[in-house]
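Structure below; questions to follow.
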Amino acid sequence: MTGNPRYNGAETFEEWQKQWQLEDRYNFRTIEQKWQKIWEDEKIYHVDIDNNKEKFYALVEFPYPSGAGLHVGHPRSYTALDVIARKKRMQGYNVLYPMGFDAFGLPAENYAIKTGIHPAVSTQANIKNFTRQLKSIGFSFDWDRCIDTSSPEYYKWTQWMFIQLFKHGMAYKDKMAINWCPSCKVGLANEEVVNGHCERCGAEVVRRDKEQWMIAITKYADRLIDDLKDVDFVDRVKAQQINWIGRSEGAELDFEFGQDKLTVFTTRPDTAFGVTYMVLAPEHEFVAKYMDKFENPEEIKKYVNATAKKSDLQRTADDSKTGVELKGIKARNPYNGKMIPVFISDYVLMGYGTGAIMAVPAHDQRDYDFAKAFNLPIIQVLDGGNIEEKAFEEDGPHINSDFLNGLNKEDGMRQAIDYAVKNGFGRPKINFKLRDWVFSRQRYWGEPIPMVYCEHCGWQPLDEKDLPLTLPEISDYLPNDNGDSPLAKATDWVNTTCPKCGKPARRETDVMPNWAGSSWYFLRYCDPHNDKEFASKEALKYWMNVDWYNGGMEHTTLHLLYSRFWHKFLYDCGYVPTKEPYNKRTSHGMILAENGEKMSKSRGNVINPDDIVNNYGADTFRLYEMFIGPFDQTAMWSEESLMGVYRFVGKIYNLFKKVYKIEPSETDLRAMHKCILEVTERIDQMKFNTAVSSLMTYVNYLSGLEKIPAELYETLLKLLCPFTPHLAEEMWTRLGHTASVVVEPWPEGNPKMAQDNVVTLAVQICGKMRGTIELPKDSSEDVVKAAALKLENVARQTAGKEIKKIIIVPNRIVNIVAA
RNA sequence: GCGGACGUGGCGGAACUGGCAGACGCGCCAGACUUAGGAUCUGGUAUCGCAAGAUGUAUGGGUUCAAGUCCCUUCGUCCGCACCA
């Protein structure tokens, strides 16, 4: 620092005053643009591997570059981790904070169908717009590492990874029922189905069987649950993933049915003596197999057809129980030899367990409802509840259950399974709700699946040296009537030769879902320009894991689960050094419009970040996003609150005029250290709103001073730097500094310096506040007692009463118990 | 039904291991000042009461010298999953 910082190069006070009075109001537009250019020119946020420094990898979910541009929700997450990244940088870490674009997706393709503009063209334009917007907010991204999942240099590796999945038996082709829009004549991704309706045309979605590429994520179900214990994810994320994977322990039991064994999965084998009927899913193979043995085939066929026509929505919306008995064949309960009727009903799903259940109406509400509807017997096998009214699903001693009688649920289960195992009709079994991942999309704008079908060799992967398999240019993006991908029409591209035998063969024409590219993008950031590997071992070893990943709750059971799985697969293959990709996962709340509604184009209540940056500046925008409310909770946008933050920013600018190079007082230092400690701690805890209020309290203190010691103001700027980097840089240089405040060391707070040497104790009588006393810190109990009793109010309140007890909490409270 | 979060002034929200409820901001009220600006500055602002004081953290109860915080009850809101056997 040179000279009196207050004069900032000016010879006299008058000269200095004139200099700054020209722009008495904070001119955020020129100042913010100036610093953004300097940061970019000097590549101040660029990072490389530096083995002398501890790394810190901060990650936010990269956006899909939509035509609408940035939403105010995006910067909530980006600013939060920018604050964390900037603070870590000032604390001496080598910080990787990257940004990129998840650029494959349906909107670009739909736009192409409407306008004929190639998705690559519109996507690049959108990326350009997003980049401009992100830069205007002053995030400290290392733009040299920016990635685009739709570029061949990137998706080459997505395809390479798919081939690894295939080679390890993790990718397979299977006929699957998919969501089909009969009006658009197109298969839809789950994310395009809104409450059972097509997002584009509103028609109800039906099921249709199609050959699909599947990824065997279920093989990792156990590990995806178990390894959650080793990572620091917020509880609701863990809970939701566990819930979604839906692990349940039970047993498989074989019932005799015709010449076959009818296997069911149950979590309650102990209730086997209460089975009064069985139910198959209408799609169960035995229904067709035994059709000519049934006495009522017409009735059965009618029900099967009716079910097939129903959408998933219709099938689940109505919880009244329907079904048809399979007359002519009964099943035999292996526990007691009883012959029981068998039904088909759509409340049993083919996709879970074995597609068949043993029904215990006394102890399962769904079975109970069905039994009531069909007038079937209900046999109670656990004592308790009132079976006349509803099923009893709790624990109790077993009754009517032969060798299980008297046992509780837990013991009963064990005994029942043991018995089944010993007699060869059952085995313990764990089932999951999680299904394998449907990986095909009948679309154009996605990664081509690098597979070729040969009549002689079956499905063959491309040779890895032939990657990337690039998307061919086409002019017609509409899928055809058969539900084939638009790529099917690019016959020159589709017709190829088998990589194995060289004979004519056909390429896969479906593309990957948009979750593919995002399943490993955090690895690419470590080494984004590598054309030999998806990332070098060295880069992965240095940068991984992601230390802190923030993103939306809506991705918990999609992207977050997919990418954890994908990473584990790569780990098993030896391509990445760690089992889990993310050490810590946090989640931000949504930002709603002022009236509490969701922001949407149709409601016309969307706040455009560009307007906020233009009207109030990036710093105000950033600071407001942090001040808006608890980070993990939903918040409502408020222009008036934004104004408060805007005033605060202006206040800091104005305070500069009162800065002198003088020594701070003890009280000054106390305020300063208190602020340092609070801001530091609260950033780490993501309590950004209270971190900002600490800064406000500190600024209020500075405002009350006639002259502000330079040290206090400099500390303020350092603490502000993560939140309002442009303002901090500007004022920092006006103080005469030549280096950037961004690289200044983060201030150290001293708890001792932050403490008052005089404390105010609350004086209570029987827990009610009656006054306060000011005493030196750590005064002895006798001193505290004496001072408290001396209070006039205390004397009055205790008059005529006996003082029974005096409780003293050091430096906080005195409670006089009197009666 | 299952799982998760939550309920505090006119509003958004603070309150660490139980220890002065309402920090900080908005709004509102009063005043100052002015280059009339999206100004700025100062003071006030939980409720009732002139006051002393009383009452207050969804509800009712409990533990404690002391409860927004811990335990139980009831009510309500939001989010995710949902005929998963």
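Chain naming here is simple, since letters A, B, ... match the order of the sequence lines and numbering starts at 1 in each.
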Given B/A85, B/G80, B/G53, the nucleotide with the shortest approach to the side chain of A/Ser248:
B/A85
Which nucleotide sits closest to the side chain of A/Thr690: B/A14, B/C16, B/G38?
B/A14
To the side chain of A/Arg647, which of B/G12, B/G13, B/G27 is closest?
B/G27
Distance only, no hydrogens: is a donor on one side chain within 3.5 Å (strictly under) of an acceptor on the other, for A/Thr263 and A/Asp254?
yes
In whole Å, what separates the P atom of B/U34 from that of B/G27?
24 Å
Which residue lies more 5' along RNA chain B, comparing A/Cys766 with A/Thr634 via nearest heavy atoms
A/Thr634
Using the P atom as the reference point in each nucleotide, state the distance between B/G22 and B/U47 in Å, no decimals.
14 Å
Can you tell me if A/His555 and A/Glu61 form a side-chain donor-acceptor pair at under 3.5 Å?
yes
Pairwise C1' distance, B/G61 and B/G10 [rounded to whole Å]
31 Å
Winner on side-chain proximity to A/Ile813, out of B/C26, B/G38, B/G19, is B/G19
Which is true for A/Arg236 with a 4.0 Å heavy-atom rule: it touches a base, it touches only sugar-phosphate, or it touches nothing?
sugar-phosphate
Short side-chain N/O contact from A/Lys768 to OP1 or OP2 of B/U55, under 4.0 Å:
yes
Options B/G27, B/A21, B/G38, nucleotide nearest the side-chain atoms of A/Gln764:
B/A21
Looking at A/Lys687, is its backbone amide N or carbonyl O close enough to the side chain of A/Thr690 to form a donor-acceptor pair, meaning the two atoms are under 3.5 Å apart?
yes
Dot-bracket notation for RNA chain B is requested: 5' to 3', Watson-Crick or G-U wobble pairs only, both distances under 3.5 Å, with ( ), [ ], | and . as defined.
(((((((..(((......[....)))((((((.......))))))(((....)))..(.(((..]....))).))))))))....
base_contact_polar (B/G38 base, A/Tyr616 side chain, donor-acceptor, <3.5 Å)
yes
Could you tell me how far B/C70 sits from B/A15 if I compare only their P atoms? Round to whole Å.
14 Å
Report yes or no: is there a donor-acceptor pair, N or O only, under 3.5 Å between the side chain of A/Lys321 and the base of B/C83?
yes
Would you say the side chains of A/Thr307 and A/Asp346 form a donor-acceptor pair under 3.5 Å?
no
How about A/Tyr624 and A/Trp637: are their ring centroids closer than 6.0 Å?
yes
Between B/A85, B/G25, B/G3, which one does the side chain of A/Asn243 approach most closely?
B/G3
With syn meaning chi within 90° of zero and anything else anti, the base of B/G9 is syn
Distance between the C1' atoms of B/U69 and B/A58, in whole angstroms?
16 Å
Which part of the nucleic acid, if any, lies within reach of A/Lys651 when heavy atoms closer than 4.0 Å are counted: base, sugar-phosphate only, or nothing?
sugar-phosphate
Euclidean distance for P, B/C20 against B/A67 (whole angstrom):
11 Å
Side-chain N or O of A/Asn700 versus OP1/OP2 of B/G25: is the shortest distance under 4.0 Å?
yes
Indicate, with a heavy-atom threshold strictly under 4.0 Å, whether A/Phe648 touches base, sugar-phosphate, or nothing.
nothing
Taking only the side-chain heavy atoms of A/Met769 (C-beta and beyond), determine which of B/G19, B/G27, B/C20 contains the nearest atom.
B/C20
Just to be sure I understand the rule, does A/Val692 reach a base, reach only the sugar-phosphate, or reach nothing, if contact means heavy atoms closer than 4.0 Å?
nothing
A/Ser77 side chain vs A/Gly73 backbone, donor-acceptor pair below 3.5 Å
no
B/A15, OP1 or OP2 - any side-chain N/O from A/Lys687 closer than 4.0 Å?
yes
Is the distance from OP1 or OP2 of B/A54 to the nearest side-chain N or O of A/Arg770 less than 4.0 Å?
yes
Under the 3.5 angstrom rule, does the side chain of A/Asp436 hit a backbone N or O of A/Thr218 as a donor-acceptor pair?
yes
Separation of the P atoms in B/C26 and B/U77, to the nearest angstrom
33 Å
Which is true for A/Val817 with a 4.0 Å heavy-atom rule: it touches a base, it touches only sugar-phosphate, or it touches nothing?
sugar-phosphate
Run the salt-bridge test on A/Lys804 and A/Glu802 with the 4.0 Å N-O cut-off and return the result as yes or no.
no
Remember a base hit wins even if backbone is also touched, and classify A/Ile628 as base, sugar-phosphate or nothing at under 4.0 Å, heavy atoms.
sugar-phosphate
For B/C16, take OP1 and OP2 only and decide whether either is under 4.0 Å from a side-chain N or O of A/Arg682.
no
For A/Leu592 and B/C78, give me the distance from atom CG to atom P, rounded to whole Å.
13 Å
Options B/C65, B/A14, B/A85, nucleotide nearest the side-chain atoms of A/Asn815
B/C65
Per A/Pro630 side chain, nearest of listed nucleotides B/A14, B/C81, B/A85:
B/A14
Does a donor on one side chain sit under 3.5 Å from an acceptor on the other, for A/Lys805 and A/Asn815?
no
The nucleotide from B/G27, B/C24, B/C20 with an atom nearest the side chain of A/Ala762 is B/C20
Check every strand shown and say whether A/Asn793 touches a base, only sugar-phosphate, or nothing at a heavy-atom separation below 4.0 Å.
sugar-phosphate
Tell me what A/Asn689 touches on the nucleic acid: a base, only sugar-phosphate, or nothing, going by heavy atoms under 4.0 Å.
sugar-phosphate
How is A/Gly353 classified with respect to the nucleic acid when contacts are heavy atoms under 4.0 Å: base, sugar-phosphate, or nothing?
nothing
Can a donor-acceptor pair be found, under 3.5 Å and without considering hydrogens, that links the side chain of A/Ser694 to the backbone of A/Val679?
no
Span that lies between the C1' atom of B/A85 and that of B/A5, in whole angstrom
29 Å
Counting any heavy atom closer than 4.0 Å, what does A/Glu554 reach on the DNA or RNA strands: base, sugar-phosphate only, or nothing?
nothing
Would you classify A/Ser638 as touching base, sugar-phosphate or nothing, given that sugar-phosphate means primed atoms plus P, OP1 and OP2, and contacts are heavy atoms under 4.0 Å?
nothing
Find out whether the Lys NZ or Arg CZ of A/Lys321 is both under 6.0 angstrom from the six-membered ring centre of A/Tyr347 and within 45° of the ring's axis.
yes
